[in-house]
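The structure appears below as structure tokens.
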Amino acid sequence: MAGREILHKMKAKAGFGSSASNTGKGKSKMSGKNITHGFHLIKGKSNHAMEDYVFAQFKQVHDKELGLFAIFDGHLGHDVPDYLQSHIFDNILNEHDFWTETETAIRRAYDITDKKILEKAVDLGRGGSTAVTAILINGEKLVVANVGDSRAVICKNGVAKQLSVDHEPAKERAVIENRGGFVSRLPGDVPRVDGQLAVARAFGDKSLKRHLTSEPDIAVEMIDDDTELIILASDGLWKVMSNQEAVDSIRNTKDAQAAAKHLTEEAVSRKSKDDISCIVVRFQRSFIC
């Protein structure tokens, strides 16, 4: 077995995913809380290598359990999302005030991570990555942060609620122009920063960084008895499915891994040509019979 293939299998077992077609699952070890997660990735029809990465893992930290989930969608190479996969949560949890000032700690960690990526541009290349991260604290509190257009959606009592913000160039034109950049849209194309990048915020992208930011939007959501599931996915899914359509299609799927796989395959069946990565977190106590 080739070394790269072994690495992919090790990453999948640990809760990482980045191969052309990768899948995995895990569960909370907290007594009384049956929370599971599953992820699945499918490479798109582009000629370049897979640029989506996922992180999905339950982790004991001191006397607490953290569910750590993230989707990284790279552009112009896979090195930046690979770096994010390996470092973003370490940087967040290393912030001394993570437990007391969680949102402030996440913002600072995002900024520190972006600066480190830019410093390593010689090694990591000129590309960048979007990111959506979700931290589930003791199965009770969910903190979502995002940069770019990967998305987090929560389902309560069958109703989908988007927790992240799609950072589209057209929506942030004023900010981009105030930083000296511009937003263009050619016929048949989408709005792009400086005619290049189709998202208004990202990690990396050193050549565009003067006109971009890695400032995340952050949302906090409490988990209650009405909470059924959480979906994190790259824009390869959301380009062809609405939030409610995604929730409705897996609401009665008990297995989180099967649910994530179904969503990615449904996106392909709807002619999505992009890389597609998806994580589903299920709260089985709310399973719909």
Side-chain angles (χ1 to χ4, degrees), residues 5-42 50 52-73 81-82 84-93 98 131-146 150-155 163-164 221 223 227-234 237 246-247 249-265 276-287:
E5 192 174 345
I6 294 173
L7 179 60
H8 282 154
K9 287 185 177 294
M10 291 172 63
K11 283 189 172 184
K13 187 175 181 180
F16 309 144
S18 63
S19 68
S21 178
N22 211 340
T23 192
K25 61 183 177 180
K27 62 182 179 179
S28 167
K29 295 182 180 179
M30 295 181 65
S31 61
K33 294 195 176 182
N34 188 9
I35 306 171
T36 60
H37 73 76
F39 66 86
H40 196 77
L41 300 89
I42 295 178
M50 179 68 160
D52 276 14
Y53 282 68
V54 307
F55 187 104
Q57 187 180 101
F58 285 103
K59 181 176 182 178
Q60 294 296 132
V61 181
H62 305 307
D63 60 342
K64 296 179 173 62
E65 183 183 71
L66 298 180
L68 304 174
F69 309 104
I71 300 285
F72 308 111
D73 183 356
D82 188 20
L84 285 167
Q85 181 196 57
S86 301
H87 294 85
I88 187 69
F89 284 118
D90 285 343
N91 291 343
I92 291 173
L93 298 180
F98 170 76
V132 58
T133 59
I135 301 177
L136 181 63
I137 303 173
N138 282 341
E140 299 171 346
K141 179 181 178 181
L142 181 70
V143 185
V144 171
N146 85 289
S150 290
R151 190 181 297 176
V153 172
I154 193 168
C155 171
L163 299 179
S164 56
E221 187 82 13
I223 303 300
T227 306
E228 299 172 28
L229 59 91
I230 302 163
I231 302 170
L232 275 70
S234 60
L237 177 73
V247 163
S249 70
I250 62 166
R251 191 178 174 213
N252 291 313
T253 303
K254 185 174 181 179
D255 184 80
Q257 184 180 17
K261 187 173 186 288
H262 172 79
L263 283 174
T264 58
E265 292 175 345
I276 306 165
S277 53
C278 179
I279 300 170
V280 173
V281 182
R282 280 231 58 125
F283 299 84
Q284 303 293 1
R285 60 190 176 188
S286 302
F287 178 60

Quick check for you: to the nearest 0.5 Å, what is the distance between [X] atom [atom1] and [Y] atom [atom2]?
X      : Y      : atom1 : atom2 : result
Ile250 : Cys155 : CD1   : SG    : 8.0 Å
Ile71  : Asp52  : CD1   : CG    : 7.0 Å
His40  : Glu265 : NE2   : CD    : 5.5 Å
Leu41  : Ile279 : CG    : CD1   : 8.0 Å
Ser277 : Leu237 : OG    : CG    : 9.0 Å

Answer yes or no: is there a side-chain heavy-atom contact under 4.5 Å between [X] and [Y]?
X      : Y      : result
Leu263 : Ser249 : yes
Leu163 : Leu142 : yes
Ile223 : Ile154 : yes
Leu66  : Ile137 : yes
Arg151 : Asn146 : no
Phe98  : Val61  : no
Met30  : Asn138 : yes
Gln257 : Thr23  : yes

Which heavy atom of [X] sits nearest to which heavy atom of [Y], and what is that distance?
X      : Y      : value
Lys59  : Leu68  : CD-CD1, 4.1 Å
Ser164 : Ala152 : OG-N, 2.9 Å
Leu232 : Ala134 : CD2-CB, 4.0 Å
Glu65  : Lys29  : OE2-N, 2.9 Å
Gly67  : Phe58  : CA-CD2, 3.7 Å
Gln85  : Val54  : NE2-O, 2.9 Å

Practice item. Report yes or no: does Arg282 contribute a side-chain atom to a donor-acceptor pair with the main-chain N or O of Thr253 at less than 3.5 Å? Key: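 Yes; judged by distance alone, with no hydrogens or angles, the pair exists.
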Review point. Do other residues, nucleotides or ligands put more than 12 heavy atoms under 6.0 Å from the NZ atom of Lys64?
Key: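 More than 12 heavy atoms, drawn from other residues, nucleotides or ligands, come within 6.0 Å of this atom.
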Review point. Quick one: ring pair (Phe, Tyr, Trp, His ring centres under 6.0 Å) partners of Phe89, sequence neighbours excluded?
Key: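 Checked Phe89 against ring pair (Phe, Tyr, Trp, His ring centres under 6.0 Å); matches are Phe55.
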Review point. Of Thr36, Ile35, Asn34, which meets side chain to side chain contact (heavy atoms under 4.5 Å, CB included) against Phe283?
Key: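 Among Thr36, Ile35, Asn34, the one meeting side chain to side chain contact (heavy atoms under 4.5 Å, CB included) with Phe283 is Ile35.
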Practice item. Measure up the Phe69 and His37 rings against each other and bin them: parallel (under 30°), tilted (30 to 60°), perpendicular (over 60°). Key: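 Perpendicular.
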Check your understanding: Run the salt bridge (Lys or Arg N to Asp or Glu O under 4.0 Å) check on Arg251 and Glu228 step by step: do they pass?
Key -> CA-CA 8 Å; Arg251 191 178 174 213; Glu228 299 172 28; 2.7 Å; yes
Check your understanding: Checking side-chain hydrogen bond (donor to acceptor under 3.5 Å, both in side chains) for the pair Ser150/Asp73: CA distance, chi angles, key distance, verdict?
Key -> CA-CA 7 Å; Ser150 290; Asp73 183 356; 4.6 Å; no
Practice item. Under the side-chain hydrogen bond (donor to acceptor under 3.5 Å, both in side chains) rule, collect the residues that match up with Thr264, sequence neighbours excluded. Key: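 Scan of Thr264 (side-chain hydrogen bond (donor to acceptor under 3.5 Å, both in side chains), adjacent residues dropped) gives none.
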